[in-house]
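The block underneath contains the structure these notes are about, expressed in structure tokens.
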Amino acid sequence: MNHWLFKSEPDVFGIDHLAAKPKATEHWDGVRNYQARNFMRQMQVGDQAFFYHSNCDPPGIVGIVEVVRQAYPDHSAWNPDSKYFDPASTPDNPRWFMVDVRLVRKLPRLISLAELREHPALIDMPLVRRGNRLSVMPVPEQAWQLILAMAQGHDERFDKPL
DNA sequence: GCCAACGTTGGC
DNA sequence: GCCAACGTTGGC
């Protein structure tokens, strides 16, 4: 099982939008970046991911989702009326893919990007790397565990014996 | 609103 | 295949 992170703008599709969907489940369409697409194709049903709010104040991790359907063609690419329309993607030869995600829970509090940056243990996390613009990315296992602990109010930096 | 970082496009 | 121009992302 790998862990991931999905970015979304809360004004466009935030965690409360997902929560309001039937079964708190929605397809993650609109990814138009090859690297992000490739990550989605690696996802397995049952993989968990952070839900991240971008382009807002403050940006940060707000919840946990679970992949409930493996990657399948993103049909929004075939819809001329969609802003995600891409004539280069066809049903016979789909270029873009999506997964279905279900909201598992919101975190007890938002873990801001600034807070993530403060942790030395997280400096190699793709999310906090300079210039990163991927909307879908992996989360290293140690980072996953640490962030969950942070969300519960425990800061592992202060839990270690002297 | 600014702008750095990055991906994509297209001329050559 | 190179690379300049352009568009987008997203933090600040």
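Just so we're on the same page: letters track the sequence lines, and every chain starts at 1. Nothing here was measured: the structure is a model prediction, and the numbers come from that model.
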Q | Footprint string (nucleotides 5-12 of chain C, 5' to 3'): B base within contact, S backbone only, - free, heavy atoms under 4.0 Å | A | --BBBBSS
Q.
Using side-chain heavy atoms (C-beta onward) and a distance below 4.5 Å, is A:Ile61 in contact with A:Leu116?
A. yes
(Q) Test of understanding: with salt bridge (charged side-chain N to carboxylate O under 4.0 Å, His left out), list the residues that count as partners of A:Arg32, not counting sequence neighbours. (A) A:Asp74
Q. Ion pair present between A:Arg109 and A:Glu115, side-chain N to carboxylate O less than 4.0 angstrom?
A. yes
Q) Is the centre of the A:Tyr52 ring less than 6.0 Å from the centre of the A:Trp4 ring? A) no
Q. Have A:Glu9 and A:His53 got a donor and an acceptor in their side chains that come within less than 3.5 Å?
A. no
